[in-house]
Protein chains: 2
Amino acid sequence: MAVLRRHGIRMTHQRMEVYREVTGTGEHPDAETVYRRVKRRVPAISLDTVYRTLNLFERQGLIGRVGATGDRTRFDANVKRHHHFVCMRCGRVTDFYSEALDAFSPPREVREMGHPQSLYVEVRGICKACTGTEGDGKAG
Amino acid sequence: MAVLRRHGIRMTHQRMEVYREVTGTGEHPDAETVYRRVKRRVPAISLDTVYRTLNLFERQGLIGRVGATGDRTRFDANVKRHHHFVCMRCGRVTDFYSEALDAFSPPREVREMGHPQSLYVEVRGICKACTGTEGDGKAG
DNA sequence: CTACATGCAAATCGTTTGCACTCCA
DNA sequence: TGGAGTGCAAACGATTTGCATGTAG
């Protein structure tokens with residue numbers, strides 16, 4: 001929690017719980033999921049507060065955001081440099097690390113387009129749990 | 001246009017124009033933009049037809065889809081293996097090629113998560129046109 | 001105390017869908 | 001001709017916002 005205070009973020013019950021929820025798991029929950037879970041501990045919390053809080057944390061660089069899939073945004077508590085494996089069936093997102101990708105330097109071609117700042121990588125495929133599955137799965 | 005027929009896609013005036021519009025430029029227009037431009041030649045076309053058509057083309061693998069930024073989806077006429085430089089200020093998307101990325105093979109770590117199928121990469125930064133710009137830009 | 005955070009409800013915005021009509025094959 | 005394609009308008013779902021009230025500091 002000290003992290004929040006250090007970022008000059010005013011401390012509230014709902015913020016603490018949202019923070020705890022997102023950082024307390026390796027999952028990459030969407031706002032709705034965070035909401036549902038935090039609600040168990042803070043029944044009065046509202047979905048828009050969760051959104052506002054998540055956006056605040058992101059602006060402060062406390063969490064990241066995943067999602068090239070287009071649909072709902074997923075949030076990411078891992079602020080270390082890493083990449084994602086995304087299951088195209090159930091949407092599950094898993095972190096992974098790669099020296100090869102970390103070492104990647106944009107080609108001259110890119111440097112001529114502008115000023116590169118970060119690299120976003122998604123390895124897409126089908127996760128173990130979904131392999132052999134026919135229907136969707138909609139798992140989290 | 002033969003491509004469309006080859007994919008068993010029933011040919012219509014609006015489909016031909018949408019296809020021409022998307023593939024006729026190196027840009028990565030969003031549905032709204034395609035709509036606005038095609039409308040000049042086919043005044044009666046509707047936005048939802050553009051969406052339906054774009055989705056159809058994508059399902060057929062005729063075009064791709066870009067956008068980890070979250071907001072509106074951009075479509076991509078380049079079906080060759082390539083990657084994107086995305087301007088965080090104006091949203092402009094530019095293709096680039098990279099042997100290094102093409103050679104990338106997911107680490108064991110990833111292969112244990114599931115079955116990788118494709119790689120999505122975005123180099124994010126500020127494009128030349130936006131460098132030195134303070135306000136947004138909202139360019140396309 | 002006072003500015004900022006919250007809950008509620010309504011508003012946005014991109015995208016999709018139901019339906020009746022038109023048109024390609 | 002018949003089923004697929006289109007336009008229109010309404011539906012949708014995720015996310016945001018205005019406002020009055022509550023609360024951290």
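Atom set for the values below is all heavy atoms of this structure, side chains included, hydrogens, waters and symmetry mates excluded. First the proteins, then the strands, lettered A, B, ... as listed; each starts at 1.
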Taking all non-hydrogen atoms of both residues, which atom of Q14(A) and which atom of I45(A) are closest, and how far apart? CB-CD1, 3.5 Å
Just wondering, are more than 12 heavy atoms of other shown residues or ligands nearer than 6.0 Å to CD in Q117(B)? yes
Decide yes or no on side-chain hydrogen bond (donor to acceptor under 3.5 Å, both in side chains) for D102(A) and H83(A), but give the supporting numbers first. CA-CA 9 Å; D102(A) 292 351; H83(A) 312 285; 3.2 Å; yes
Tested for side-chain hydrogen bond (donor to acceptor under 3.5 Å, both in side chains) against Y35(B), the lone hit among R37(B), K39(B), E32(B) is K39(B)
Roughly, in whole Å, what's the span from CD in E58(A) to P in dT15(D)? 12 Å
Using 30° and 60° as the class limits, which term best fits the ring planes of H82(B) and Y97(B): parallel, tilted or perpendicular? tilted
How close or far is atom P of dA14(D) from atom CZ of F75(A), stated in whole angstroms? 13 Å
I'd like the 5' and 3' limits of the part of DNA chain C contacted by chain B, with heavy-atom contacts below 4.0 Å. dG14(C) to dA25(C)
Is the backbone N or O of M11(B) less than 3.5 Å from a side-chain atom of R5(B), with the two atoms forming a donor-acceptor pair by type? no
Any side-chain donor paired with an acceptor under 3.5 Å for H28(A) and D95(A)? yes
Is the F96(B) ring parallel, tilted or perpendicular to the F104(A) ring (thresholds 30°, 60°)? parallel
In whole angstrom, what separates D30(A)'s CG from dT15(D)'s P? 7 Å
side-chain N/O Y51(A) vs dT15(D) OP1/OP2, d < 4.0 Å: yes
Could you run down nucleotides 1-7 of chain D 5' to 3' and tag each one B, S or - for protein heavy-atom contact under 4.0 Å? --BSSBB
